[in-house]
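Beneath this line is the structure, given in structure tokens, with notes to follow.
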Amino acid sequence: MKITVNQVPQEGLYLEEKIKPAELDLETELIKFRSDLLVKTHIYRITNALTVELNIEAIMCANCSRCLDEFEWEFKKDVQLNFPLDISTAFIDLDPDIREEVILDYPIKPLCKIDCKGLCVKCGKNKNEGGCNCGFT
């Protein structure tokens, strides 16, 4: 998403764009996307600075680090960015900032739910689905 600085009117500018996660190299072995990123921006200019309010939304999925089940969640993040302007600034590329903001919120240890019971260490049964018969739990 690129902003042409001279096209930002005094009253501000609203932009909305869908970005494929592959364009920002966002998918990893652990984190996958079920939807494009929906990026809504409100841009306004005050003398020598440009302020960009970003709203980023996407559907992500990962495997739970305890029970290994795949689960998905809705990613939502609001960010405000400020860019100083000088005479040579013709446009601002928001893609690196969007990528960074999404990656900063990747879970270190994805969990399908806070109280996930995980797998039985003896028989491997998912303990969220009930007890197992191996006698270990």
Side-chain angles (χ1 to χ4, degrees):
M1 176 178 271
K2 292 180 176 53
I3 300 168
T4 305
V5 174
N6 290 337
Q7 293 180 348
V8 178
Q10 190 70 28
E11 67 273 7
L13 179 66
Y14 178 80
L15 296 174
E16 187 173 314
E17 184 175 319
K18 285 188 175 181
I19 302 172
K20 297 202 175 302
E23 292 174 18
L24 300 178
D25 194 25
L26 286 170
E27 291 197 293
T28 67
E29 283 185 32
L30 299 175
I31 306 294
K32 305 291 181 204
F33 285 77
R34 298 271 188 214
S35 70
D36 292 340
L37 292 168
L38 176 60
V39 180
K40 299 175 187 173
T41 59
H42 185 237
I43 307 155
Y44 45 97
R45 183 178 180 169
I46 301 171
T47 59
N48 294 333
L50 198 71
T51 299
V52 179
E53 294 175 348
L54 287 171
N55 174 271
I56 308 167
E57 295 180 12
I59 305 293
M60 295 181 175
C61 72
N63 289 337
C64 178
S65 59
R66 289 185 189 160
C67 69
L68 305 180
D69 280 349
E70 187 175 280
F71 68 101
E72 63 182 42
W73 71 96
E74 189 173 0
F75 174 86
K76 288 185 177 183
K77 187 169 188 177
D78 293 318
V79 180
Q80 182 174 327
L81 304 170
N82 296 306
F83 298 93
L85 298 175
D86 60 27
I87 295 172
S88 65
T89 306
F91 71 92
I92 294 174
D93 185 5
L94 294 176
D95 287 350
D97 295 300
I98 294 169
R99 181 176 190 274
E100 181 179 295
E101 293 297 333
V102 172
I103 289 173
L104 282 172
D105 278 14
Y106 279 179
I108 294 171
K109 188 176 179 181
L111 294 175
C112 60
K113 55 187 178 183
I114 295 293
D115 59 344
C116 175
K117 296 176 182 172
L119 302 175
C120 174
V121 294
K122 187 172 181 184
C123 68
K125 183 175 180 183
N126 186 342
K127 294 193 282 186
N128 295 313
E129 299 168 353
C132 57
N133 296 325
C134 71
F136 192 76
T137 54

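Reckoned from all heavy atoms, side chains included, excluding hydrogens, waters and symmetry mates.
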Does a side-chain heavy-atom distance below 4.5 Å link Ile43 with Arg45?
no
Decide whether Leu24 and Val102 are clustered together by the hydrophobic rule: side chain heavy atoms of Ile, Leu, Val, Met, Phe, Trp, Tyr closer than 4.5 Å, transitively.
yes
When rounded to the nearest 0.5 angstrom, what distance separates CD in Glu23 from NZ in Lys18?
13.0 Å
Contacts of Asp36 meeting side chain to side chain donor-acceptor pair (under 3.5 Å) (sequence neighbours excluded), chain-then-number -> none
Measure across Gly124 and Leu119 and return the closest heavy-atom pair with its distance rounded to 0.1 Å.
O-CD2, 3.6 Å
Any side-chain heavy-atom pair from Cys67 and Asn128 closer than 4.5 angstrom?
yes
Distance-only donor-acceptor hits, side chain of residues 4-16, under 3.5 Å, sequence neighbours excluded:
unit_1: Tyr14; atom_1: OH; unit_2: Glu16; atom_2: OE1; d: 3.1

On a heavy-atom basis, the closest approach of Glu53 and Tyr44 is OE2-OH, 3.0 Å
What pairs of residues pass the side-chain hydrogen bond (donor to acceptor under 3.5 Å, both in side chains) test when at least one of them lies in residues 94-103, not counting sequence neighbours?
Lys77-Glu101
Please name all residues satisfying side-chain contact (heavy atoms from CB on, under 4.5 Å) with Asn63, sequence neighbours left out, ordered by chain then number.
Glu70
Considering non-hydrogen atoms only, spot the tightest contact between Phe83 and Val52 and give its length.
CE1-CG2, 3.9 Å
Please name all residues satisfying salt bridge (charged side-chain N to carboxylate O under 4.0 Å, His left out) with Lys76, sequence neighbours left out, ordered by chain then number.
Glu74
Would a distance-only check, ignoring hydrogens and angles, find a side-chain to backbone donor-acceptor pair under 3.5 Å from Ser65 to Leu111?
no
According to side-chain contact (heavy atoms from CB on, under 4.5 Å), who are the partners of Ser88, at least two apart in sequence or on a separate chain?
Asp86
Rounded distance [0.5 Å steps], NE2 in His42 versus CG in Leu54
12.0 Å
Applying a strict under-4.5 Å side-chain criterion to I, L, V, M, F, W and Y, I'd like to know whether Ile92 and Ile56 cluster together.
yes
Taking atom CG of Asp78 and atom CD of Glu57, what is their separation to the nearest 0.5 Å?
8.5 Å
For the residue pair Met60 and Tyr106, establish whether any side-chain heavy-atom pair is separated by less than 4.5 Å.
yes
With hydrophobic residues grouped by side-chain heavy-atom distances under 4.5 Å, do Phe75 and Ile98 end up in a single group?
yes
Applying a strict under-4.5 Å side-chain criterion to I, L, V, M, F, W and Y, I'd like to know whether Met1 and Val79 cluster together.
yes
Within a radius of less than 6.0 Å around CD of Glu29, do more than 12 heavy atoms belonging to other residues, nucleotides or ligands occur?
no
Where do Cys134 and Cys120 come nearest, in terms of heavy atoms and distance?
SG-SG, 3.5 Å
With hydrophobic residues grouped by side-chain heavy-atom distances under 4.5 Å, do Leu26 and Leu38 end up in a single group?
no
What is the minimum heavy-atom distance between Cys132 and Lys125, and which atoms define it?
CB-CD, 3.8 Å
I'd like to check Thr41 versus Leu94 (side-chain heavy atoms, cut-off strictly below 4.5 Å). Are they in contact?
yes
Which value, rounded to the nearest 0.5 Å, describes the distance between Glu72 atom CD and Lys32 atom NZ?
14.5 Å
What's the shortest heavy-atom distance between Leu85 and Thr89, and which atoms?
CD2-CG2, 3.7 Å
Find the distance between CZ (Arg34) and CD1 (Ile59) and round it off to the nearest 0.5 Å.
10.0 Å
Is the number of heavy atoms from other residues, nucleotides or ligands within 6.0 Å of NZ (Lys117) greater than 12?
no
